[in-house]
Amino acid sequence: MREVDIMVEAPGPGDQISVMICESSQVQLRILSKAVEEAGYRVQTARSAEAVLEQMQAMPADILLTGIEVGAMTGLEACWALKANPRTESVHTIVITASGQESRLEESLDAGAYDFIRKPVNMTELRARLRAASRLVRMQKQFRQLAETDSLTGVANRRALMQCLEAETAQARSLGTRVAVVMLDLDHFKRVNDTHGHAIGDRVLVETVKAVQACLSGRERLGRLGGEEFIIVLPDVTPEYAALMAERVRQAVEALQIVNDPGELIPVTASIGVSIATAEGPHDTPDSLLLAADDALYEAKETGRNRVIFAGTIMPAARRAAG
């Protein structure tokens, strides 16, 4: 496991911390935004706690800097709501307290705020508190990445994949879009391990991941379910695109040129099953999508391997019984 670097204090290129500032006063919001931007942070703004929650759903910020009285909902109520949502529970909140609100400091911390700063805001103090918050945010991101990453291939592990699929299917239901699952399993992988050794087997897995990742773009997410089995989550797609992507991946795996230590070429192919959630179809939950893709993958294996099968309407148990 690599050592976690906890010494970096300022945002660097490509690693910019995002700060959402919630302030009901337009003047104060402008002053704070300018100071935070000049300190090197990416800034989002909101005039109310309700706006914070709405924006955080679309694009969560790393740090929330909020006043207490910021609309019909207070900044503290927004803190509670953020902590209750798995998508935003890690947002680092700093509460700005006005004169006479000292009694609410304990309430702020109980609501999930990590820190507070008093008005009038001293900009030197603000920058120092943001640097301290940034260190914690980076450590949390690094720990989360380690917890959600497959140690061999570097892609998402099973836990992260399930979270991703849950989020994407929920969004697809709310927006009326489609999400697809492409499940692939390397053919005769046990034979590779038995014949060439596990080191070569690991090389095959790593090279397979590189080949598949080269086919992906945007929000498409690749992860390892375990062993030689992987899935790709394709959000907001058509059945035609899902089928095209699956075939592209199959061809990329088949084209791999992997040799063992004596220089012998190791053939690599994958069997692939595809399922897609549609408004009129039954596969609209993570479990049903995975079951349908697994069923299609089973059929691909049974009918000759190195092929793509799109999930039909027969349920897994029925199809396997029929086979």
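Counting from 1, the numbers follow the sequence of the chain as shown. A quick note: this is a predicted structure, and the numbers were derived from the prediction, not measured.
The side-chain heavy atoms of Val212 and Phe230, taken from C-beta on, include no pair separated by under 4.5 Å. Contact check for Val52 versus Thr66: no side-chain heavy atoms found under the 4.5 Å cut-off. Between Val209 and Leu205 the shortest side-chain heavy-atom distance does not fall below 4.5 Å. Contact check for Glu168 versus Arg221: no side-chain heavy atoms found under the 4.5 Å cut-off. Two residues are said to be in side-chain contact when any heavy atoms from C-beta on lie closer than 4.5 Å; Leu32 and Met123 meet this criterion. Side chains of Gln28 and Val121 form no contact here, defined as non-hydrogen atoms less than 4.5 Å apart. Side-chain contact between Glu229 and Leu297 is present, with heavy atoms from C-beta onward closer than 4.5 Å. Considering only heavy atoms from C-beta on, Cys79 stays 4.5 Å or farther from Val91 through its side chain.
Scanning all heavy atoms of the two residues, the minimum distance from Pro235 to Val179 falls at CA-CG2, 4.1 Å. In plain terms, the two heavy atoms of Ala246 and Val182 that are nearest each other are CB-CG1, 4.2 Å. Contact detail for Ser134 and Tyr41: the closest heavy-atom pair is OG-CE2, 3.2 Å. Between Val274 and Ala242 the shortest heavy-atom distance is CG1-CB, 4.1 Å. Across all non-hydrogen atoms, the minimal contact from Arg178 to Thr238 is NH1-CA, 4.4 Å. When all heavy atoms of Ala78 and Ala49 are compared, the closest pair comes out as CB-CB, 3.9 Å.
Hydrophobic cluster membership is shared by Leu222 and Tyr241, with clusters built from Ile, Leu, Val, Met, Phe, Trp and Tyr side chains linked at under 4.5 angstrom. One hydrophobic cluster, built from ILVMFWY side chains closer than 4.5 Å, cannot hold both Val233 and Leu244; they sit in different ones. Hydrophobic clustering keeps Met59 apart from Leu65 (ILVMFWY residues linked when any side-chain heavy atoms are closer than 4.5 Å, directly or through intermediates). Cluster annotation: Val36 is connected to Val27 through the hydrophobic network of ILVMFWY side chains, with a link wherever side-chain heavy atoms come within less than 4.5 Å. Under the 4.5 Å side-chain heavy-atom criterion for ILVMFWY residues, no single connected hydrophobic cluster contains both Val253 and Val259.
Rounding to the nearest 0.5 angstrom, the gap separating the CG atom in Leu130 from the NE2 atom in His92 is 8.5 Å. In this structure, the separation between CD on Glu207 and CG on Leu256 is 7.0 Å, given to the nearest 0.5 Å. Between the CZ atom of Arg159 and the CG atom of Asp150 there is a distance of 14.0 Å, given to the nearest 0.5 Å. Between the CZ atom of Arg158 and the CE atom of Met162 there is a distance of 5.5 Å, given to the nearest 0.5 Å. Note that OG1 of Thr149 is 6.5 Å distant from CG of Asn157, once rounded to the nearest 0.5 Å. Interatomic distance, CZ of Arg138 versus NZ of Lys141, reported as 7.5 Å (0.5 Å rounding).
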Next on the checklist: Using side chain to side chain contact (heavy atoms under 4.5 Å, CB included), reason through Gln213 and Val155 one step at a time and then give a plain yes or no.
Outcome noted: CA-CA 9 Å; Gln213 284 179 319; Val155 296; 3.4 Å; yes
Item to check | Derivation and outcome, side chain to side chain contact (heavy atoms under 4.5 Å, CB included), residues Ile31 and Glu23 | outcome: CA-CA 10 Å; Ile31 292 171; Glu23 173 58 64; over 6 Å; no
Next on the checklist: Apply side chain to side chain contact (heavy atoms under 4.5 Å, CB included) to residues Lys119 and Ile96 and explain how you reach the verdict.
Outcome noted: CA-CA 7 Å; Lys119 288 183 178 180; Ile96 305 172; 3.5 Å; yes
Item to check | side chain to side chain contact (heavy atoms under 4.5 Å, CB included) between Leu184 and Val308, intermediate numbers included | outcome: CA-CA 9 Å; Leu184 63 131; Val308 175; over 6 Å; no
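Not a single donor-acceptor pair under 3.5 Å links the side chain of Ser18 to the backbone N or O of Ala61. Remark: side-chain polar atoms of Glu299 are not paired, donor with acceptor, to backbone N or O of Ala311 under 3.5 angstrom. A distance-only check finds a donor-acceptor pair linking the side chain of Arg224 to the backbone of Gly227 [under 3.5 Å]. Remark: side-chain polar atoms of Arg47 are paired, donor with acceptor, to backbone N or O of Ser24 under 3.5 angstrom. At least one donor-acceptor pair closer than 3.5 Å links the side chain of Ser275 to the backbone N or O of Leu289. Although no hydrogens or angles enter the test, the distance criterion places no donor-acceptor pair under 3.5 Å between the side chain of Thr195 and the main chain of Val192.
Of the charged side-chain nitrogens involved, at least one lies within less than 4.0 Å of a carboxylate oxygen, so that Glu125 and Arg129 count as a salt-bridged pair. With salt bridges taken as basic N to acidic carboxylate O contacts below 4.0 Å, one links Arg250 and Glu247. Between Arg219 and Asp236 there is no salt bridge, since none of the side-chain N atoms of the basic residue sits less than 4.0 Å from a carboxylate O of the acidic one.
More than 12 heavy atoms of other residues, nucleotides or ligands shown are found within 6.0 angstrom of CZ on Arg42. Within 6.0 Å of atom CD in Glu54, 12 or fewer heavy atoms from other residues, nucleotides or ligands are found, so the atom counts as exposed in its surroundings.
Remark: the Asp187 side chain and the Ser271 side chain contain an N/O donor-acceptor pair separated by less than 3.5 Å.
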